[in-house]
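Notes follow the structure.
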Amino acid sequence: MPKQEIKLYYNNVMANVIGDEHGITKKQWADLKKKVQPLIPKIMEEIIGHESPPKKTRTVYGLLPTKKKIAKDVRKLVDGIDDPDDPDYPKEGLKKGCENLVVFGIGGSALGNIALQTALNPYMYNMDENQREDKDKQTRPRLFVFDNVDPAQLKSFLNWLGGGLNKTVFNVISKSGKTSETAAQFMIIRDMLINKLSKTDYQKRVVATTDADKKKSILRKIAKTDELQTLEVPDDVGGRFSVLSAVGLFSAAMCGIDIDFLLEGARDMNTRISEDFDKNPAAINAAINYHFYTHGKPISVMMPYSYALKDMADWYRQLWAESLGKVKFSAGNEVHIGPTPVKALGVTDQHSQVQLYREGPNDKLFTFLQVNNFEKDIKIGPAPDGAEELGFLAGKNLSALLNDEKKATEYALLTDKRPCLTVLFDRVNAYTIGQFIYLYEVTTSFVGALFGINPYDQPAVELGKEATFALMGKTGDYEDGYTYEQFAGDIQIKTNVDKDFLV
Ligand code: PA5
């Protein structure tokens, strides 16, 4: 398969295009370069974690694309064991006879899986068996990712699944192993599998992806007791940076995505992001994002002009928000930091959002994702008689319309002095997606460093998780001497509906 590099096009954020008031001037660019260049070796150290002496167990997200064992463990579960020296030889892989793969997870344990599937498998993958056939004429499983606990949604799925339970594999993903939503989904399916099928079927049909340490993850502990098949979320990798670990790779490999090509793309991007500023797409992307955030444009819109890339914008939204939305203390003051990521889709949102983007406040940086060559194309038919004014469309490719609309929107935004970046994909494949994921992960690390915050934690999410435990009846100590019961009472006081304010 061809190995094209994705490129970041950044001329349209510059003052010579959109003017001095809104664009980056030469002087500002030189200052940004001075600020970001010294961060390059620091970020490399942070994400690759060269330590002296190296700790074997340490896996920061930058090491994921090079850790061969991760993909090997995934493949072993997916395809089975074909190594005669392996004591379990010839164990069958989970793909065999599997018609449905269900992922239970949330946030970083789901968004990457969804994004990979939308990007790299056809639109009708789940519905059309022919589109699920691999090159050996084997049918891959449908994929369903449940990242919510809406009972009506899950019930509808389970009703559809019916007797298909024994042809379904469930991948329960939770790094911490204690997230209520995923735990609840797991407990529902565990009960169903054991009672409707058998304990052995339950063991055969569930893969738990979680932290390796059973002291940290209750899911790991259960998996050990119940003798489930497991995969590992590496210790030093946070959820939203984990798509290139077993978290994202298992469902991708089950559904026929070339995970080696994906990881190769990430590795090749890793070489580019260690280059000096002028050649470094992550450093330049971060510098531009940082500049606009600190110059009155705190909103960052990602707008793919490709349905395949639609959920990459969703994945980016979490990466950006959870990593960069932080409070820091500076000179005794609380400083609240965080660019607001917005996802949009071209051309759909031209007819929904662009009015605001052009005439509303000039407070946004736009990043378009553009694809030069689509997997498939369609020619537009001739104009009907009497509708000659539609003749300009006749015989053109739909991809030409889509990409011309991107240009048209970009032009319109530039006319109103709105800064625009474009990430250019020659085509969408596992290799370019691997590059894109890695580019944005590293960009996030750079922006975190520029803001002086820690992009790898999410303390504000943790509070909501703990509050849910309290409301759902967890007992015992929450914090020294303050119990979950007391905590639940305090939450109720603040959140119970006061009828005086109901209209
Ligand atoms: O990025 C993160 O750390 C979060 O979004 C988590 O992925 C999310 O909260 C789910 O956590 P867990 O995988 O521990 O269930």
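Start at 1 and go down the list; that is how both ligands and their atoms are numbered. Side chains included, hydrogens not; waters and symmetry mates left out as well; all remaining heavy atoms used.
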For [X], counting its heavy atoms only, list the atoms of ligand 1 lying under 4.0 Å from any of them.
{"X": "Arg240", "result": "1 (O), 2 (C), 3 (O)"}
{"X": "Gly239", "result": "1 (O), 2 (C), 3 (O), 7 (O)"}
{"X": "Ser174", "result": "12 (P), 13 (O), 14 (O), 15 (O)"}

Tell me: protein heavy atom nearest [atom], and distance?
{"atom": "atom 5 (O) of ligand 1", "value": "Gln318 NE2, 2.6 Å"}
{"atom": "atom 10 (C) of ligand 1", "value": "Ile106 O, 3.3 Å"}
{"atom": "atom 15 (O) of ligand 1", "value": "Thr179 OG1, 2.5 Å"}
{"atom": "atom 4 (C) of ligand 1", "value": "Glu322 OE1, 3.1 Å"}
{"atom": "atom 6 (C) of ligand 1", "value": "Gly108 N, 3.9 Å"}

Ring centre gap for Phe436 and Phe425 strictly below 6.0 Å: yes
Ring centres under 6.0 angstrom apart (Tyr293, Phe451): yes
Ion pair Lys204/Glu92, N-O distance below 4.0 Å: no
Pairs involving residues 195-246, ordered by first then second residue, that meet ring pair (Phe, Tyr, Trp, His ring centres under 6.0 Å) (sequence neighbours left out): Tyr61-Phe241, Phe241-Tyr456
Nitrogen or oxygen of Ile173 less than 3.5 angstrom from that of ligand 1: no
Pairs flagged by side chain to side chain donor-acceptor pair (under 3.5 Å) wherever residues 300-311 is involved - sequence neighbours left out: Thr118-Asp311, Ser300-Tyr316, Tyr305-Gln350, Tyr305-Thr409
Lys196 atom NZ, over 12 foreign heavy atoms within 6.0 Å: no
Row check, Phe292 ring normal vs Lys297 NZ/CZ: under 6.0 Å, within 45°: no
Best match, Lys175, Gln458, Lys465: closest heavy atom to atom 9 (O) of ligand 1: Lys465
